[in-house]
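Comments concern the structure below.
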Amino acid sequence: MTLRLPDQRLDHWRDRLPDLLNRYSQPIVDLDCGDWMLNCSDLADLCAAVTEAGHQLGRITSRVPETIVSASALGLDASRSNTPSNTEDRPNPAVTGPSDLLFHHGTLRSGDHLQSDRSILLFGDVNPGARISSTADVLVWGRLRGVAHAGCEGSTTAKIVALQLRPLQLRIADVVARGPDDLPQVGLAEQAQLKDGVIAIEPAVIQSLQKR
Amino acid sequence: MSTTRTILICSGKGGVGKTTTTANLGIALARQGAKTVVLDADFGLRNLDLLLGLENRIVYTAQEVLAETCRLEQALVKHKQEPNLALLPAGNPRMLEWLKPKDMQAIVALLERQFDYVLIDCPAGIEDGFKNAAAAAREAVVITTPEVAAVRDADRVIGLLNTKGVQPVQLVLNRVRPKMMSNQEMLSVDDVTDILALPLLGLVFEDEQVIVSTNRGEPLTLSDSSSPAAQAYGNIAQRLQGEDIPLMDPSQARRGLRARMRKLMQTRIF
């Protein structure tokens, strides 16, 4: 049986954990961390609490990649959980919280490769020779002159937006395109999307206007 | 806390003028009264001694200093004409493996006790040689030429320097050909600074005198040469010392050169 940490919106795990462990009978505790984003020191505290209660920590499962990474870094057996998220059935799924977006401040220079399994918002340039890739959208508040890959795990609806779109190469899902040879218009944000299986570049769309 | 400025001179790509710049800057700083040492971290392909004309005076290297088989004073090679400048080869070309980042830090710590400027001539590439050289540097000057490959490599190096916390990083644009630039056959100054986004410490024009002086082992800045490269290196040294010297303008350079030629002709005639 797996021990589940409380729902983020109801209780903090630190308050509830001793109580939960007291009621837990087996010596080895398999822990489902749910939506909690735990860093290494959180996890160390968690381990200490488990040992203090006379148990031993077994597997850790989580829906948050950061938690899995931290747990692996501590040498714990960690994997992604497949229990449904409590937060997924929220009334307004269109609202994407900050956890769906990776924000990066700074220019990516030649040889750098920024990767994420969230959408990326880059505040800076992507220089020639640098790469940026995301399983979702790539948004560049600056000049995109390197290689960008949106939807790198196959999402064909992913898009690439940049204030100045002048890439060496664009990739969306498994479609690859060379960047345009001619200079882009100055001061015009552009976006690249898949249209009929090819990558098309057009002026960036303001989403709030589009919905009306 | 010492006020010594330890400056890494690097480029990523080879052949853009790291060693030439190190030699000329070293001489120029020394002539301006700063006690300067140039440290040749590119000891696998050691050239800095050649450019300074000190090849036959090297007895010991930093390797022996750290092994305590000689004193630092014995390993430092003082320049013949410019006593403010000294050269220290980091190691023996046949023993490439010995140097580690902590060794480099130890050498530089020794040098910082007695010099105002420590210029480190970095090897090309971004492998161990670069990492060693960068380990001890506080600030850096990145040399590039107006070529796509050199700019790309410089960009990579700047990224690596940023992750190592080397600050500030400044840019020298070397081997500029004003004529090609004005004909737009070469990347312009703006093209380069646009990508690298670094403060420009200086522009050095392509100059045949550099080749002559390199082969002779007498850096251009050693004499009061009026060659454009010599002036450019002098200006860079002054800017490093905090003086506000305007940058050379490539579009004005040809007119300037021609005017200077005319002046030269006139002096010869009279």
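Each chain gets a letter, A, B and so on, in the order its sequence line appears, and its residues count up from 1.
- Contacts between residues 115-133 of chain B and chain A, defined by a heavy-atom separation under 4.5 Å, are made by no residue at all.
- Residue-level contacts of residues 191-198 of chain B with chain A, in order of numbering, are D194(B), I195(B), L196(B), A197(B), L198(B); threshold 4.5 Å between heavy atoms.
- The heavy-atom pair separating G159(B) from R109(A) by the smallest distance is N-CD, 3.4 Å.
- With sequence neighbours excluded, the residues that form a side chain to side chain donor-acceptor pair (under 3.5 Å) with D42(A) are R14(A).
- Counting heavy-atom neighbours within 6.0 Å of Q105(B) CD, excluding the residue itself, gives a total above 12.
- Within the structure, side-chain hydrogen bond (donor to acceptor under 3.5 Å, both in side chains) contacts touching residues 160-171 of chain B (residues at least two apart or in different chains) do not occur.
- The environment of R46(B) atom CZ is dense: over 12 non-hydrogen atoms of other residues, nucleotides or ligands sit within 6.0 angstrom.
- More than 12 heavy-atom neighbours from other residues, nucleotides or ligands sit within 6.0 angstrom of CD on E185(B).
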